[in-house]
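What follows is one structure encoded as structure tokens, with my remarks underneath.
Naming convention: chains lettered A, B, ... in sequence-line order (proteins, then strands); numbering from 1 in each chain. What you see is a predicted model, and the numbers here were worked out from it, not measured in a lab.
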Number of protein chains: 2
Amino acid sequence: MKAESRFNLEEWCGLLRYDGVVPQASPPSDRALLRSDAERNRRRILAAARKLIAERGLGVGYHEIAQEADVGVGTVYRRFPTRDRLFQELFQDRVAAVVAIAEEALTIEDPWLGLCLFMQRDFELQSADRGLREFLLGRVDSPDLARRSRERIQPLVTRLVERAQEAGRLRPDVGQSDIAIILAMIGNLIDSSLHVDPDLWRRYLAIVLDGIQRGDLRDELPGKPPDQPQLDRILPGWVPPRRGQGAPRDPESAPRRGAARSSARS
Amino acid sequence: MKAESRFNLEEWCGLLRYDGVVPQASPPSDRALLRSDAERNRRRILAAARKLIAERGLGVGYHEIAQEADVGVGTVYRRFPTRDRLFQELFQDRVAAVVAIAEEALTIEDPWLGLCLFMQRDFELQSADRGLREFLLGRVDSPDLARRSRERIQPLVTRLVERAQEAGRLRPDVGQSDIAIILAMIGNLIDSSLHVDPDLWRRYLAIVLDGIQRGDLRDELPGKPPDQPQLDRILPGWVPPRRGQGAPRDPESAPRRGAARSSARS
DNA sequence: GTGAAAGCGGACGGCAGTGTCAACTTCCTC
DNA sequence: GAGGAAGTTGACACTGCCGTCCGCTTTCAC
């Protein structure tokens, strides 16, 4: 069982206690006071959205959220005229959790272990929340929103990378952005394989970590290669369903939505 | 420049001459003879579909294909009542090309090199054709279609893997399906990064190959980590645009489409 | 040249998701 | 407990894509 030696370290590290609940973000402080019923509905909407989006990603429709929250669509639109407004509210605590994970990882003595652990914990978080994966990748209407979140995490990752390099355990030609790409790549694998083998990503994380480390300490890979039926269920889920218009229209143009013409309220 | 020693081998191997053109699949042989104008339109539709699908993936609409082919929608539907019918026609030569690559890779003396080269050439093919990536992953209406194609490739990959393991260059705990997953993972990276840095995938392929090899011969990584603006353009393209209904409804149920109720022609 | 089978085209109805708005309800203040 | 501001609701109009259908055109065999 030594195979997992690198991957269950948190057990004896006793660190990183994030377990899904976070000290409720700011109560009605900056935002104007809402009437009691409005506030109640607002919470219900957030709860519903959190649940649906964690399961199915940022694409869930307002109507569905409204239904889950037992509220009219109009209410959802009134409270969150923009999807981004909703996402911001939803994910600020999740982003904080990722930041916390990175900070804790920085306190671990062995820098390489710290980096590995950060990635592992991050994926564990991502496994539980499809919306978070998509949010951090920036598939929201205003790219800035997610970028700002990523900017809170990046410096910490940079530090993790540098530490591991200084310790001579990480290849010197690996940059912080490589880690970002790897996080995205494996996050994607999680999307596709979660429903078949929720731990499959550990295997490929191990491969990639072996690929970016320096030296040749390699344990056995965790888990097993997927068998044929598993593979047949994993692969087709990999690519967007239809409407593959896909090609991420490179130019930073693409306004993508009029963003609620009216209601120029504030 | 020794950095690329493992990745440009085909230059001195002088192998794998696939360059996008393939000896036109069977002419009107098994399929009933078409009237001359119909045959002409058929070709135009295929050409248009090939072009659009290579650029933008399997999601392009029939209407758009019809427009590109300068033909009515009805004609496209008449000729290819099912998307799968069209895809089959479109991709049989591409699949043959992948098979050819694998076969050639099997003739290379050094088995590890053979495996590396197969993957590299496969990605080069995939870089040129987004539709091919999606097709091989099986995101088509009938999963069987793509599965049958994959089944032509798999035994060859299995052989490549075994050879490399027998030579002691590939970790013994890596299976053929691991290669499939890796192909999908990096194919996905290609989707997202092609428009920013068409060769970025080589970097992560190198990382993964280092991760699955045995021993510690590691060259410098090809390319450079993406810089910040590049990253900001790569990540948001990673995840499907909207309609993230995503969660690949596990059960093999999901009929997904009535598949042309009428036209029970044949 | 001609008749009819084969083929063509694109307007049209269907469907799914989105966001709005005018009529109605609830809450809070005085 | 009354008045009005704040909030709620869901039907509806809109959009965009899908696939069909029927009146018209073209080809080909004779």
Roughly how many Å is it from CG in B:Leu34 to P in D:dT26, rounded to a whole number?
18 Å

Between B:Val73 and A:Arg78, which has a closest nucleotide on DNA chain D that is more 5'?
A:Arg78

Measure CG/B:Asn41 against C1'/C:dG9 and give the value in whole Å, please.
11 Å

Measure from CZ on B:Phe80 to P on D:dG19 and round the result to the nearest Å.
15 Å

Going through the checks in order, is the salt bridge (charged side-chain N to carboxylate O under 4.0 Å, His left out) test met by B:Asp197 and B:Arg203?
CA-CA 11 Å; B:Asp197 177 353; B:Arg203 186 170 175 83; over 6 Å; no

Does B:Arg42 form a salt bridge (charged side-chain N to carboxylate O under 4.0 Å, His left out) with B:Glu89? I'd like the steps, not just the answer.
CA-CA 11 Å; B:Arg42 188 175 163 282; B:Glu89 193 87 27; 2.6 Å; yes

What is the distance, rounded to the nearest whole Å, between atom OH of B:Tyr62 and atom P of C:dG9?
16 Å

Quick check on C:dT26: is either OP1 or OP2 less than 4.0 Å from any side-chain nitrogen or oxygen of A:Ser36?
no

Using a distance-only criterion (donor-acceptor N/O pair, under 3.5 Å, no hydrogens), is the base of C:dG10 paired with the side chain of B:His63?
no

Positive for side chain to side chain contact (heavy atoms under 4.5 Å, CB included) with A:Arg94, one of A:Leu136, A:Val99, A:Leu132
A:Leu132

Tell me: CZ of A:Arg40 to P of C:dC27, nearest whole Å?
7 Å

So which nucleotide from D:dC18, D:dT26, C:dG19 ends up closest to the side chain of B:Tyr77?
D:dC18

Side-chain contact check for A:Ala38: nearest option of C:dC28, D:dG19, D:dG7 is D:dG7

Candidate nucleotides C:dG19, D:dC18, C:dC27, ranked by approach to the side chain of A:Arg83 - the nearest
C:dG19

Classify A:Thr75 by what it touches in the nucleic acid, base, sugar-phosphate, or nothing, heavy-atom distance under 4.0 Å.
base

To the nearest Å, give me how far apart CG (A:Asp37) and C1' (D:dG7) are.
6 Å

With a 4.0 Å cutoff (strictly under), does any side-chain N or O of B:Arg79 reach OP1 or OP2 of C:dC8?
yes

Using whole Å, what does the distance between atom P of nucleotide D:dT9 and atom CD1 of A:Ile45 come to?
9 Å

Check whether the side chain of A:Arg35 and the base of C:dT26 form a donor-acceptor pair under 3.5 Å.
yes

Any side-chain heavy atom of B:Leu86 sitting closer than 4.5 Å to one from B:Ile65?
yes

In whole angstroms, the gap separating P of D:dC17 from CD1 of B:Ile65 amounts to 13 Å

Considering all heavy atoms, the nearest A:Pro226-A:Tyr204 contact:
CD-OH, 3.5 Å

